[in-house]
Amino acid sequence: MAMKTYRQAINEAIVGEMRRDADVILMGEDVAGGAGGSGEDDAWGGPLGVTKGLLSEFGPGRVLDTPISEAGFIGAAIGAAASGLRPVVDLMFNDFVGVCFDQVVNQAAKYRYMFGGQDQIPLTIRTMIGAGLSISSQHSQSLYPVFSYFAGLKVLVPSSPYDAKGLLTSAIRDNDPVIFCEHKLLYDMTEDVPDEGYAIPLGEASLLREGGDVTVVALSRMVHVASDAAAILAREGIETDLLDPRTTTPLDTESILESVEATGRLVIVDESGPRCGMASDIAALVAEEGFGDLRAPIVKVTPPHVPIPAAPNLEALYVPDVNRVLDAVRRVVAY
Amino acid sequence: MAMKTYRQAINEAIVGEMRRDADVILMGEDVAGGAGGSGEDDAWGGPLGVTKGLLSEFGPGRVLDTPISEAGFIGAAIGAAASGLRPVVDLMFNDFVGVCFDQVVNQAAKYRYMFGGQDQIPLTIRTMIGAGLSISSQHSQSLYPVFSYFAGLKVLVPSSPYDAKGLLTSAIRDNDPVIFCEHKLLYDMTEDVPDEGYAIPLGEASLLREGGDVTVVALSRMVHVASDAAAILAREGIETDLLDPRTTTPLDTESILESVEATGRLVIVDESGPRCGMASDIAALVAEEGFGDLRAPIVKVTPPHVPIPAAPNLEALYVPDVNRVLDAVRRVVAY
Amino acid sequence: MATQSRTELLAAYRTMATMRAFEERMHIEFAGGGVPGFVHLYAGQEASAAGVCANLTDHDVLLNTHRAHGPAIARGADIFAVAKEIYCRGEGLCRGRGGSAHLHDTKNGLWAANSGVGSGVALGCGAALAARTRGTGGIAVALVGDGAVNQGVVSEGLNLASIWKLPLVVVVENNGYGEATAAGYAIAGGGIARRAEAFDMPGVQVDGSDYFAVFEAAAAAAERARRGKGPSLIEVEVTRFFGHFEGDAQTYRSRDEAERARRERDCLANFRRTVVAEGILDAGELDLVDTDVADLIDRVYAEAEAAPYPPDDELMEFIYADSL
Amino acid sequence: MATQSRTELLAAYRTMATMRAFEERMHIEFAGGGVPGFVHLYAGQEASAAGVCANLTDHDVLLNTHRAHGPAIARGADIFAVAKEIYCRGEGLCRGRGGSAHLHDTKNGLWAANSGVGSGVALGCGAALAARTRGTGGIAVALVGDGAVNQGVVSEGLNLASIWKLPLVVVVENNGYGEATAAGYAIAGGGIARRAEAFDMPGVQVDGSDYFAVFEAAAAAAERARRGKGPSLIEVEVTRFFGHFEGDAQTYRSRDEAERARRERDCLANFRRTVVAEGILDAGELDLVDTDVADLIDRVYAEAEAAPYPPDDELMEFIYADSL
Ligand SMILES: Cc1ncc(C[n+]2csc(CCOP(=O)(O)OP(=O)(O)O)c2C)c(N)n1
Ligand SMILES: Cc1ncc(C[n+]2csc(CCOP(=O)(O)OP(=O)(O)O)c2C)c(N)n1
Ligand SMILES: [Mg+2]
Ligand SMILES: [Mg+2]
């Protein structure tokens with residue numbers, strides 16, 4: 001056990017599974033970096049250095065830099081997965097799913113069902129989500145609701161180094177296509193992470209704080225925003241159940257409904273969009289299955305319905321912050 | 001005024017706007033059909049014949065058959081729209097957005113915002129949605145929730161010939177990118193449709209039936225399923241407010257909330273998926289903004305979370321039917 | 001010329017005759033209203049899949065297109081299960097989930113076409129990569145149409161296959177049309193083989209009405225792939241005898257285009273003429289095959305039509321391999 | 001050789017010197033921490049955009065890449081607004097919404113790179129189509145990188161431009177790398193110009209350290225487009241002097257690759273050498289330009305850094321043209 005960053009935790013999960021299982025391969029743009037250049041071969045590990053060192057350990061047969069052809073290489077990864085390999089593919093920014101959406105939602109997602117269960121697609125797609133780097137609307141989205149729309153995919157949104165390692169390990173061992181969403185502002189977050197491999201089951205929310213006055217469901221980086229808010233609220237005497245679903249498909253509906261049964265109040269804090277997003281999804285679940293327990297409106301704390309601006313001040317207004325969570329919780333508690 | 005099919009109504013809207021405005025052009029695979037072949041030039045009008053006759057009237061400068069290159073020609077349409085043309089593009093099946101998703105959600109949708117309002121993108125994308133033809137999971141989806149996720153797009157889901165003509169006319173006149181979703185099972189539906197052009201404002205739901213006991217919101221083909229259910233329910237003494245939002249962006253939230261204020265009960269009947277779908281979106285809206293009026297759980301009648309099977313019996317189980325609507329309404333009324 | 005034995009050639013004839021008879025019958029059944037979904041017939045293109053598949057082993061993967069019936073039969077999928085899948089029955093290849101355009105049979109190395117046309121090239125890269133990585137000795141052969149080559153993913157796949165020297169063969173079945181739009185209009189420069197050159201792989205054009213030409217080109221390409229020399233592309237020129245899909249009025253082509261092809265470019269007739277003229281097989285044994293096939297097709301359709309749909313309670317089966 | 005006047009050549013030098021000085025300064029400012037976002041510098045590639053833009057008129061559209069600063073300056077965008085956009089200020093070209101990689105200036109015929117690299121080719125097809133349809137006489141020039149050419153949309157756009165004979169010029173700025181991956185690894189066969197041939201359009205390769213070579217190739221391609229002869233492709237061989245983006249340690253290339261390029265393949269130095277040697281311009285007037293430019297750059301950065309961010313209450317502006 002040692003303090004590790006989210007970045008290291010992800011790297012360790014991949015290394016662990018690649019050592020464990022020779023069928024695990026890694027593909028993507030610059031996952032090693034340096035292919036064909038005049039310098040070092042294992043130069044980058046992706047633009048943020050997450051997979052650095054893997055080429056050196058596992059060689060070019062298992063760590064493949066690709067051309068900038070997401071449809072081509074994700075299609076290839078699906079084919080490789082259908083053939084028995086377990087590819088871990090890097091789709092740098094999740095926004096780039098735009099150029100390979102067919103492969104992800106029409107092929108990987110439907111492959112098993114459409115062919116009547118003949119195959120399994122043990123594919124993991126790692127991808128970066130989230131705003132906060134002033135890189136505008138095509139590099140800052142959080143598209144897990146769009147992935148979650150499609151049956152056949154599993155969707156993971158780890159909020160901490162510990163969860164990142166355990167969930168990625170599960171993703172790679174899982175026999176279905178998994179979209180693993182890494183929040184780009186979390187890479188340098190540190191916490192204690194075991195050196196050995198461990199798998200966190202998919203579909204189990206983690207209860208980060210037990211309160212009883214209000215249920216706050218938060219995802220990915222918003223878990224930390226919600227957690228800061230909960231600490232402040234506690235000082236006001238408002239005790240929060242803080243739930244991090246960790247995976248949106250499968251979604252741990254039971255834990256959410258159970259908590260709301262106790263609190264009667266629900267606030268969802270999410271960085272994905274306000275229309276057909278994850279907050280809507282969870283709100284709709286509770287409005288149907290937990291209605292009898294509800295004592296206040298379900299409040300969604302999400303960005304507004306707008307593309308993501310580059311300017312840091314506008315971007316800061318875009319992303320939900322502690323104050324918006326405080327307002328929302330106070331509102332439902334006072335209802 | 002004459003009885004016209006949904007297909008004819010769509011054709012008339014395009015013809016009307018092409019006559020009215022020389023900047024309107026049509027592009028897509030086989031929108032005319034026959035380009036370069038040994039037979040007729042205006043052979044198809046798309047696989048379902050919707051745009052037949054347009055090449056003959058407007059010529060090859062304004063009616064362009066394209067190669068099977070959706071990313072290329074939708075990108076081109078965006079460029080043409082940014083240059084002042086008003087392209088109407090045919091994306092045959094909405095499922096194929098998989099191969100041009102970047103153009104639609106990252107480019108068309110964000111073009112105006114990301115460049116600080118310098119441009120407008122008067123682009124209309126026509127596309128087929130819906131299950132019911134036994135053509136399996138990659139040709140039967142209803143992806144308007146996915147489009148609605150993205151700010152910058154407008155999304156239309158006409159349920160009748162009259163609405164189709166009026167909404168498509170508005171779409172073509174609109175200065176923003178519009179996704180116009182045609183349900184493939186509605187093409188042969190007929191009703192009275194004026195010969196002259198008319199525009200239905202975007203964002204205005206139509207109230208198809210006034211009741212007072214329960215609000216049923218239904219979209220696209222589900223409007224007819226819900227309508228059949230409402231007729232049966234009326235015989236049981238349950239009076240339905242039947243609302244067809246007609247456009248999901250902009251969404252007429254006011255009409256929905258007003259109706260729920262009166263009825264206290266909401267059932268949403270929708271063919272899009274159950275996770276992060278349109279039913280979730282509307283349920284979440286009401287669970288937040290109309291909570292005080294609600295007297296029963298919000299029930300979503302949607303397909304289950306599964307890819308769409310080809311087999312007719314399974315497909316029939318997939319798509320919501322009258323019985324499921326009846327059950328839902330009876331349940332919320334009895335609550 | 002042919003490097004196949006008498007027995008192999010007789011088998012090839014049987015395969016093509018079966019493909020043909022299957023489609024001729026499908027044309028009639030579809031018109032009768034009994035076939036669900038959209039149906040794209042392969043008649044006229046038989047020598048392509050047959051010539052290609054004659055070069056494949058159990059370790060290889062054939063990536064099908066939406067015009068899927070013929071290639072499925074050529075690849076050795078159970079023809080009863082093929083028909084049942086087209087009829088969306090529970091005992092179909094894909095248990096009725098996929099239908100006509102998605103004939104997929106993993107155990108026989110047949111992968112369905114998937115959604116966006118052209119994707120088979122990318123999936124094929126993956127099959128080829130896996131075969132090499134796991135040392136199975138297998139290769140992948142991706143069928144695509146002339147229309148599909150204009151999908152970006154095809155170019156991406158060609159490039160990927162080339163830089164990774166994958167054991168992949170891309171077979172472009174150029175039947176002159178993508179739906180109603182002519183290849184001559186849609187493909188810049190008209191030729192497809194030259195795209196192969198742009199991606200640094202050999203590209204050849206062969207006459208798809210000539211089984212032997214296809215067989216030989218495929219043999220060379222497969223051999224090249226197996227030897228680790230990398231991918232190649234074969235453009236097979238064919239004519240489809242029916243419309244794009246059943247119900248297509250085909251006004252985009254001249255009235256006699258298909259009929260002329262039936263008269264002049266029928267791969268079955270050509271095959272028969274050649275093997276008989278060269279004394280390799282005799283007309284009588286080919287006639288016997290025809291009779292056999294006719295009987296088989298009767299049984300296949302009777303069984304398929306009578307077969308039950310998938311059980312209602314299986315709607316939610318096969319979504320995930322590991323529990324949700 | 002050059003068909004440009006003395007005045008035009010002096011202007012070209014000024015443009016390139018400005019591009020260079022802008023980037024050298026940006027490199028320093030970025031290291032100082034004051035620049036938001038990701039920043040990709042164009043230094044070393046100046047002759048490409050400058051040589052291309054010298055052939056463009058007000059009716060034309062230049063489609064930029066993410067390596068956007070240089071081309072924006074070359075196309076004549078207000079350099080103060082360029083800098084402010086990179087700093088995400090309210091008076092930036094895009095009112096701070098786009099940032100460094102999205103420099104877009106409609107009134108000057110400059111369109112930003114958009115998201116998925118390579119999309120400019122498709123958008124450029126549309127600009128070219130619109131120019132022809134509306135008879136403006138304009139053409140479109142799409143810049144793309146060597147890495148971007150492996151995006152499917154580029155192949156789709158090349159094909160579309162070719163079959164529709166669009167007035168489009170595709171300029172591939174081959175700087176040897178897509179991020180950290182070498183073009184020689186990623187592009188099958190190494191060459192890009194040969195892809196043009198596959199799509200039935202002329203493709204040429206030019207030395208991007210030679211302004212005159214770029215200018216002439218662009219002049220020929222633009223002329224061809226304007227005459228209705230269709231699209232063409234130019235591969236411009238360049239070396240970027242800095243990393244892929246600022247902060248890149250560049251270990252994927254040898255330590256001296258960029259330095260050697262600075263010594264041997266500097267388009268500015270080459271330009272100066274040529275025009276002075278041929279007696280077209282004299283060193284003194286070029287020095288004067290350098291002084292001018294240095295002063296301008298100081299003012300540009302001072303103003304940009306001091307400029308305010310967009311007003312907070314404008315977050316929801318500019319989403320739709322027509323009310324929602
Ligand atoms: C991405 C995509 N666009 C459009 C379609 C609709 N579509 C199905 S088959 C077809 C024509 C394909 O032509 P070709 O590749 O030549 O094959 P053929 O039908 O001639 O065998 C089209 C456009 C599709 N399946 N996928
Ligand atoms: C579809 C897509 N994939 C990946 C990226 C991330 N990305 C940004 S720039 C870049 C490299 C582009 O290389 P090249 O086209 O050669 O341009 P250069 O940076 O060398 O100027 C990559 C991979 C992207 N923007 N879009
Ligand atoms: Mg074809
Ligand atoms: Mg480059």
Side-chain angles (χ1 to χ4, degrees), chain A residues 22-23 25 27 35-36 61-62 64 66-85 87 99-103 105-123 151-154 170 173-178 202-203 249-251, chain C residues 61 63 85 90 92-99 102-107 111-112 114-116 118-134 136 138 140 142 151-161 163-164 166 168 310 314 316-324:
Chain A
D23 285 332
I25 63 165
M27 293 169 54
R62 291 180 66 196
L64 291 91
T66 65
I68 310 176
S69 305
E70 287 84 354
F73 71 74
I74 291 189
I78 296 167
S83 306
L85 293 180
V99 301
C100 56
F101 199 62
D102 196 53
Q103 304 301 317
V105 307
N106 283 331
Q107 307 216 36
K110 297 171 171 57
Y111 205 98
R112 180 172 174 77
Y113 188 82
M114 202 166 78
F115 306 142
Q118 294 181 66
D119 311 278
Q120 56 186 35
I121 304 294
L123 168 69
L153 299 177
K154 294 174 178 174
S170 292
R173 293 181 191 172
D174 197 274
N175 291 312
D176 293 305
V178 178
L202 308 187
T249 306
L251 181 67
Chain C
V61 170
L63 294 113
E85 187 57 35
L93 279 179
C94 305
R95 303 180 192 243
R97 301 298 188 285
H102 306 287
L103 300 178
H104 182 99
D105 186 11
T106 303
K107 68 178 182 315
W111 291 12
N114 237 355
S115 135
S119 281
V121 177
L123 292 170
C125 284
L129 176 68
R132 185 170 66 194
T133 306
R134 316 186 98 203
T136 66
Q151 275 290 305
V153 71
V154 172
S155 293
E156 293 189 4
L158 291 175
N159 186 62
L160 203 60
I163 69 164
W164 287 351
L166 295 175
L168 176 75
E314 276 189 7
M316 303 300 285
E317 297 276 310
F318 313 123
I319 310 174
Y320 294 100
D322 290 345
S323 70
L324 239 211

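Every chain is numbered from 1 and lettered A, B, ... according to where its sequence line falls, protein lines coming before strand lines.
Two residues are said to be in side-chain contact when any heavy atoms from C-beta on lie closer than 4.5 Å; A:Y111 and C:H104 meet this criterion. Within the 4.5 Å cutoff, the side chain of A:F115 has heavy atoms near those of the C:H102 side chain. Residues A:M114 and C:C94 form no side-chain contact, since every pair of their non-hydrogen atoms from C-beta on lies 4.5 Å or further apart. In this structure, the side chains of C:L129 and A:I25 come closer than 4.5 Å at one or more pairs of heavy atoms.
Both the backbone and the side chain of C:S119 come within contact range of chain A, with heavy atoms under 4.5 Å apart. At a 4.5 Å heavy-atom cutoff, the contact between A:F73 and chain C is made by backbone and side-chain atoms alike. If you measure heavy-atom distances from C:R132 to chain A, you find no contacts under 4.5 Å at all. Contacts between C:T136 and chain A at a heavy-atom distance below 4.5 Å are absent for every atom of the residue. For C:E317, the part lying under 4.5 angstrom from a heavy atom of chain A is the backbone only.
From C:C125, atom SG reaches atom CD1 of A:I78 across 12.0 Å, with rounding to the nearest 0.5 Å. To the nearest 0.5 Å, atoms CD (A:Q118) and CZ (C:R95) are separated by 8.0 Å.
C:L123 approaches A:Q107 most closely through the heavy-atom pair CD1-OE1, 3.3 Å. C:L160 and A:A76 get closest at one heavy-atom pair: CD2-CB, 4.0 Å. Between A:D176 and C:A321 the shortest heavy-atom distance is OD1-N, 2.7 Å. A pairwise comparison of heavy atoms in C:I163 and A:P67 identifies CD1-CG, 3.5 Å as the closest pair. When all heavy atoms are compared, the tightest approach of C:I319 to A:G152 is CG2-N, 3.8 Å. The two residues C:L324 and A:K154 have their closest heavy-atom pair at CD2-CE, 3.9 Å.
Ranking C:A130, C:A161, C:A131, C:G138 against chain A, the residue ahead of the rest is C:A130, based on heavy-atom pairs under 4.5 Å. Ranked by non-hydrogen atom pairs under 4.5 Å with chain A, the options C:A122, C:A112, C:G124 are led by C:A122. In terms of non-hydrogen atom pairs under 4.5 Å with chain A, the most contact-rich of C:L158, C:V61, C:L93 is C:L93. The greatest number of non-hydrogen atom pairs below 4.5 Å with chain A, out of C:L103, C:V154, C:D105, C:T106, is found for C:T106. For the set A:V99, A:L251, A:D119, A:I121, the count of heavy-atom pairs under 4.5 angstrom toward chain C peaks at A:D119.
Judged by distance alone, the side chain of C:R134 and the main-chain N or O of A:S83 form a donor-acceptor pair under 3.5 Å. Between the side chain of A:R112 and the backbone N or O of C:Y320 there is at least one donor-acceptor pair closer than 3.5 Å.
Figure legend: cation-pi geometry between C:R97 and A:Y113, with NZ or CZ positioned under 6.0 Å from the six-membered ring centre and within 45° of its axis.
Listed by first and then second residue, the side chain to side chain donor-acceptor pair (under 3.5 Å) pairs involving residues 151-161 of chain C are B:E70-C:Q151, C:S155-D:S155, C:N159-D:N150, C:N159-D:R195 (not counting sequence neighbours).
With C:D322 as the fixed residue, the side chain to side chain contact (heavy atoms under 4.5 Å, CB included) test singles out one of A:V178, A:L202, A:N175: A:N175.
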